[in-house]
Each structure stands twice: as structure tokens, then as C-alpha cells.
Amino acid sequence: MRVATYNVNSVRARVGRVVDWLVREDIDVAGLQEIKCKPEQFPFDAFREAGYEVELHGLSQWNGVAFVSRLPMEDVEITFPSQPGFAKGHDGPDQPKEARAIGVTVEGVRLWSLYVPNGRELDDPHYAYKLDWLAKLAAETEGWLAERPDQPLALMGDWNVAPLDTDVWDLSVFEGHTHVSAPERAAFTRFEEIGLTDVVRPRLPEGYTYWDYKQLRFPKNEGMRIDFILGSAAFADLVTAAAIHRDERKGDAPSDHVPVVVDLDLETELDDDRPMIF
DNA sequence: ATGACCATGTATCATGGA
């Protein structure tokens, strides 16, 4: 089973090339972020004609997450239970929850498509929201892992955090701004502390997943690595290959992010004598 | 060529993105 995560930066603006990519790359299930539309605006037909069913959570022109899959999707869940809300100029507990998380189960594998809040600037309320959002998600994930330790689980999406200095082209450009701050990196590392691992980086140590549209960032390869697939131990055991589809940043009307893809082997029976590879 | 932001709606600017 081939699984992908892709921040498409508007599914309506890119439906043709996204569907072409799904078919050409033989993707079975993809978590999308920043679909930027409500359900009544989603281009269902283009995906269905290519053999993909759609589950989505979209509330407005901002954010929005989805799964497209040619395998059956079960147990669809929009937002995670403890997900914090946010609304500009509002404080307190009654803030609406944004469309930033959707979960589905495919072939027994639990998958979440996540669009982590950007944070904007270190002194912006959105930054505190981002840290809270990640902390609540980590606590939620601890519960899921405790409930179902043997179920393969992956959290994938646009994490809006560059965990390593080498995940941005020039750290000095980001100092004092979001994505590289110590609290954001600690919030990201928390997921590894509770037992998830980045299943892509061991196979692909190099490579960005995002390049700003501005200032020739892509031709100059001035990018960021902020899109990740974090898997439980049971998920990591299934992964046989990983890829970052850098070429999707080329051509007409690309997203500013590119897809991150993993192959899972759901056939092999694991046994206790299996040698450790990593 | 991979080339000097892009997408959306409130629309001829404001907002968000990272």
C-alpha cells in the first residue's frame, strides 16, 4: 500500500495535477492539507473518475484537510477530541476548532492528515495556539498508543516545524521567527518521546518539502523540511520505502509543498526472530 | 529551464501562508 501526505495549497486550484500525480505515482491513499474549501466546493468528480473516494473536513477558505483513497476508508474522525480552538481576537474556551485534522483507517492502518497551525510570529497568539495544539495532539496520541499498541498508526502532514537546523536553507533567516524555535522543536520531539518515529528521514536524510513562491526559492533550492510522516512502532515495521516527490514543485501552478510518500508491506507476517534493521 | 508569490473572498484590497 502506497501512502502519501501532500499540502496542496488549494485543491480547486490544482485538482488536475493532483489527480494526475495520484494516478501516475500509483498512490493508494493520500492525506491532503490546505484544501481551502468547504465540502460543497470540493472537486469530487475528478477524484472519483480516477478511482478515489474522498473524506474531508473543510469549514472555510482557510485550512481544510482530506483523505483521498482507492481503498475503503473506515472510522472517519474530524478533529481530534482535545483539539484546541482558535479565532482571531477571541480568548477563552469557546473558540471554534479549525479544520486541521482528519483521521481514517485503511487496511487496518490508522492515518491522520494534519495541518499544524503556522504560529505566525513568536509574540502572536497563534504561536501559543500552535504549541498548545501540538501538546494536545501528543497527549491524545499517547492515549491512542495505550489503547491500541499493536495497531499501525501514522500522523502525517504539514507540521510547520523544522526540527533540525539543516531543515532550513539558512538558519539565520529564521532566528527570532517561527518553525525553528526551541519550544516548537520540543513540541515536535515530544512525539518521538512517546514512541513515534519519522519513517522517512532514515531513508532520505536530505531534502526539503517546501519552497516559498517568492524570491526564486525553488530554483535556488532555498527550502524547508516541514512535512513529515511519524509512525508508531507497528507502522514503522511495515515501511519498505520512502520518497519526497520534489518534481511536483516544477511545472505549471504547483503547490509550494511537495508530496511525501511511503510504501507499506501489509503482506509479510512479522515474527519474533525477524532481524532488526534499524 | 525549476525563474523573481499565490489563493481566496469580503474583491480592485485584506488576509494568511512560513
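Keep in mind the model is a prediction, meaning the values are calculated, not measured.
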Phosphate OP1/OP2 of B:dT8 contacted by A:Ser10 side-chain N/O (<4.0 Å):
yes
Does A:His179 put a side-chain nitrogen or oxygen below 4.0 Å from OP1 or OP2 of B:dG17?
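No, because none of the side-chain N or O atoms of A:His179 sits under 4.0 Å from OP1 or OP2 of B:dG17.
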For the residue pair A:Glu98 and A:Thr79, establish whether any side-chain heavy-atom pair is separated by less than 4.5 Å.
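With C-beta onward as the side chain, the pair stays apart.
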Partner of B:dG17 by Watson-Crick or G-U wobble geometry, both contacts under 3.5 Å, or none?
B:dC5
Separation of atom [atom1] in [X] from atom [atom2] in [N], rounded to whole Å:
X	N	atom1	atom2	answer
A:Ile35	B:dG17	CD1	P	15 Å
A:Phe174	B:dG17	CZ	P	15 Å
A:Asp227	B:dA18	CG	P	9 Å
A:Phe42	B:dT8	CZ	C1'	17 Å
A:His257	B:dG17	NE2	C1'	8 Å
A:Tyr208	B:dA18	OH	C1'	14 Å
A:Gln215	B:dG17	CD	P	19 Å
A:Asp167	B:dA18	CG	P	15 Å

Pick the [atom1] atom in [N] and in [M], then give their distance to the nearest Å.
N	M	atom1	result
B:dG16	B:dT10	P	14 Å
B:dT15	B:dA11	P	13 Å
B:dA7	B:dG3	P	14 Å
B:dA18	B:dC6	C1'	13 Å

Touch class at under 4.0 angstrom, heavy-atom based, for [X] against every strand present:
X	result
A:Gln41	sugar-phosphate
A:Asp124	nothing
A:Thr178	nothing
A:Tyr210	sugar-phosphate

Tell me whether A:Asp26 at atom CG has more than 12 heavy atoms from other residues, nucleotides or ligands lying less than 6.0 Å away.
yes
Heavy-atom neighbours of A:Glu206 CD exceed 12 at 6.0 Å:
no
What nucleotide among [options] has an atom nearest to a side-chain atom of [X]?
X	options	answer
A:Arg12	B:dT2, B:dT8, B:dA18	B:dT8
A:Pro219	B:dA7, B:dA18, B:dG3	B:dG3
A:Leu216	B:dA4, B:dA18, B:dG9	B:dA4
A:Lys250	B:dA18, B:dG9, B:dT2	B:dT2
A:Arg246	B:dT2, B:dT8, B:dA18	B:dT2

For the residue pair A:Tyr6 and A:Trp21, is the inter-centroid distance of their aromatic rings smaller than 6.0 Å?
yes
Please tell me whether A:Trp133 and A:Phe80 form a close aromatic pair, meaning their ring centres lie under 6.0 Å apart.
yes
Partner residues of A:Trp211 under the side chain to side chain donor-acceptor pair (under 3.5 Å) criterion, sequence neighbours left out:
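With neighbours one apart ignored, the set is A:Asn221.
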Can you tabulate the close N/O pairs, meaning under 3.5 Å, that link protein atoms to atoms of nucleotides 14-16 of chain B?
{"residue": "B:dG16", "atom": "OP2", "partner": "A:Lys88", "partner atom": "NZ", "Å": "3.2"}

I'd like to know if A:Asp124 pairs up with A:Lys130 as an ion pair, taking the criterion as any Lys NZ or Arg NE/NH1/NH2 lying under 4.0 Å from an Asp or Glu carboxylate oxygen.
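No.
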Taking for each residue the nucleotide of DNA chain B bearing the nearest heavy atom, is the 5' side occupied by A:Val11 or by A:Glu34?
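Looking at DNA chain B, the more 5' nearest nucleotide goes with A:Val11.
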Reading DNA chain B from 5' onward, which residue's closest nucleotide shows up sooner: A:Val116 or A:Gly251?
A:Gly251
Hey, does the side chain of A:Glu55 reach the backbone of A:Phe67 with a donor-acceptor pair shorter than 3.5 angstrom?
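Not at all, since once roles are kept as given, no pair shorter than 3.5 Å links the two residues.
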N/O donor-acceptor pair under 3.5 Å between A:Ser69 side chain and A:Leu71 backbone
yes
